[in-house]
2 protein chains.
Amino acid sequence: MNNTVILGYSEKELKKIKSNSIDLIITSPPYADRRKKTYGGIAVVNYIEWFKPIAIEIKRILKPTGSFFLNIKPHTTKGERELYVFELVLFLKKELGFMFIEEYCWTKNGFPGKLNGRFKNAFEPVYHFTKSSPSLIKFNPLACGHPVKKESLARANRKRSSAPANGSGMTAFNTDNHKKLKIARPSNVINVNNVSNQFTLKSKHSATFPVGLVDFFIKSFSDPGDLILDPFAGSGTVGLSCIDSGRKYILIDKVSENVDLINTRINRLIEKL
Amino acid sequence: MNNTVILGYSEKELKKIKSNSIDLIITSPPYADRRKKTYGGIAVVNYIEWFKPIAIEIKRILKPTGSFFLNIKPHTTKGERELYVFELVLFLKKELGFMFIEEYCWTKNGFPGKLNGRFKNAFEPVYHFTKSSPSLIKFNPLACGHPVKKESLARANRKRSSAPANGSGMTAFNTDNHKKLKIARPSNVINVNNVSNQFTLKSKHSATFPVGLVDFFIKSFSDPGDLILDPFAGSGTVGLSCIDSGRKYILIDKVSENVDLINTRINRLIEKL
DNA sequence: CTGCACTATGAATCGCTAA
DNA sequence: GTTAGCGATTCATAGTGCA
């Protein structure tokens, strides 16, 4: 069951997947009170209950070395930001037994919008869960590292006139990381601007995450040949990232227009290669 | 009781402050399991219980038009990020009756650390609470807006050859905001790098938030002459921001070295003016 | 005045060691 | 066993001094 796009309900389709068989799961499920036309619009008060059967299957099919990334941000109601996402994260750890590793911050160019009672929203969280201790998790910390800045590198290569005043600090600039790899450790803030798909797609699907964001997690937390799953595939961005990086994918969506769109995008990418 | 620096315990000192008298409260309390030497190191399991009496007083003394900003980020334990901060935010809303307006994201240059099992931490949240509906809250949305980029302004002034294909998007560029004020609406992501205080302070106090971050909230959510409170003043950055922007301040800290440090920094700033 | 060299440090994180 | 404390690692930045 590799490189498949499935039209169906995740709560049913995930049951057909073998336990401990998926290397990485990354998804942006429908947010509460959103996408009413395509996904029915889950109410805030029902959100955890709605997500629970999905989460149980995710935990079952994820490999012990695997990671689960959840992108979700609550909307505002009458000027207040909803808090069901915090409750969901707590539920996944305390009730379902996931380990909560980290919250990443995806920063983007927010929609300018009106000068109303709040600033524009320019970030979304991505929550990172695992089944086992993080020391056992597949992790390539420098896969998405950015080049060390010129000044830092220059300083590393410069001859020291004297030892540092104390034991800390400057010693670091003589490490393999700087001198050989020239790659700096990435941070948990990932800046990828939203891209409009109005010029590339004739579709009404609102773009979820951009491919650059998905790339970051797939490259950092899986290896080529690994199997990646997105149970709410939307426009199929996860599939495109997998093709680019040599991973296999399973994409599930219950909306047939989305599945058509995914196949169109994938075929177009494959033709290019 | 204006422009005062108080040596004392916040849970006691706040009781002396009149109800509905403070325009804005911004603070970064000691995080759980941190600063054991100066603040005793509150355990994760006791954190909400510890913060509750402070929060009750904050709600009492804050004006109905006022805002309360809380900067706190949980540490990691054995590779997992703690979740007590999410529980605290839920508690403040559900049990104490605060309104939760927004989560802001402060991005900074993270501590490099070694190439272990996680990326470096380069952001902290700031949670925004109020006592009343956000439509009643004091808010200057453009106080910290940055100038509109040249290209956006050019587009706004350019004559449209045709109406936009759909109702969204381009219309925003014809607003007063762009054409008259030439100020762009700020976002909820605030990038202020940490600054070393090695040359400005001979002190062991680690700088909490930088003055640029405090400026952002004080200018956006209060007016000149307003009264600002920081119940965990630390090195007194909130006081410096108030002096710069013409606000009055009450700073409280239980560590006498911190109070000395605050007075030194304030006196030095006043001498410069 | 500009530019470059140099330094210290940041609510970091993990793992080892001593108590 | 359990925990507190300390050492090692690491990179962007701003202030300072000097050419």
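Below, chain A is the first sequence line, B the second, and so on; all start at residue 1.
The strand DNA chain C forms stems, runs of 3 or more Watson-Crick or G-U wobble pairs with distances below 3.5 Å, at C:2-10 with D:11-19, C:12-19 with D:2-9.
Contacts classified as side-chain hydrogen bond (donor to acceptor under 3.5 Å, both in side chains) and involving residues 48-59 of chain B (residues at least two apart or in different chains) are given here: Glu57(B)-Arg60(B).
Not less than 6.0 angstrom separates the ring centroid of Phe123(A) from the ring centroid of Tyr104(B). Two rings, from Phe91(A) and Phe86(A), have their centers 6.0 Å or more apart. Between Phe221(A) and Phe139(A), the distance from one ring center to the other falls under 6.0 angstrom.
Taking the six-membered ring where the residue is Trp, Tyr127(A) and Phe129(A) present tilted rings, their angle falling between 30° and 60°.
Residue order along DNA chain D, read from the 5' end via each residue's closest nucleotide, puts Phe111(B) first among Asn193(B) and Phe111(B).
In this structure, the CG atom of Asp33(B) is 14 Å from the C1' atom of dG5(D), given to the nearest Å. Spacing between atom CG of Asn191(B) and atom P of dA14(D) amounts to 10 Å, rounded to whole angstrom units. Atom NE2 of His75(B) is separated from atom C1' of dG10(C) by 18 Å (rounded to the nearest Å). For the pair Lys108(B) NZ and dT9(C) P, the interatomic distance rounds to 17 Å; values are reported in whole Å. Atom CD1 of Ile183(A) is separated from atom P of dA12(D) by 11 Å (rounded to the nearest Å). One can place CG of Asn188(A) at 8 Å from P of dT13(C), the figure rounded to the nearest angstrom.
Considering only side-chain N and O atoms, Arg185(A) lies nowhere under 4.0 angstrom from the phosphate OP1 or OP2 of dT9(D). Dashed line: the shortest gap from a side-chain N or O of Asn109(B) to OP1 or OP2 of dC11(D) is not under 4.0 Å.
The gap from the P atom of dT9(D) to that of dA11(C) amounts to 22 Å, rounded to the nearest Å.
Under the 4.0 Å criterion applied to side-chain N and carboxylate O atoms, Asp226(A) and Lys138(A) are assigned as salt-bridge partners. Using a 4.0 Å cut-off between charged side-chain N and carboxylate O, Glu87(B) and Lys94(A) make a salt bridge.
Considering only heavy atoms from C-beta on, Leu229(B) stays 4.5 Å or farther from Leu24(B) through its side chain.
Among the heavy atoms of the strands, none lies under 4.0 Å from Lys73(B). Counting non-hydrogen atoms under 4.0 angstrom, Pro134(A) reaches nothing in the nucleic acid.
Not a single donor-acceptor pair under 3.5 Å links the side chain of Lys131(A) to the backbone N or O of Gly66(A).
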Atom pairs, N/O to N/O, protein against nucleotides 14-19 of chain C, distance under 3.5 Å?
residue, atom, partner, partner atom, Å
dC14(C), OP2, Thr76(B), OG1, 3.1

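Of the candidates dC11(D), dA12(C), dA11(C), the closest approach to any side-chain atom of Tyr31(B) belongs to dA11(C).
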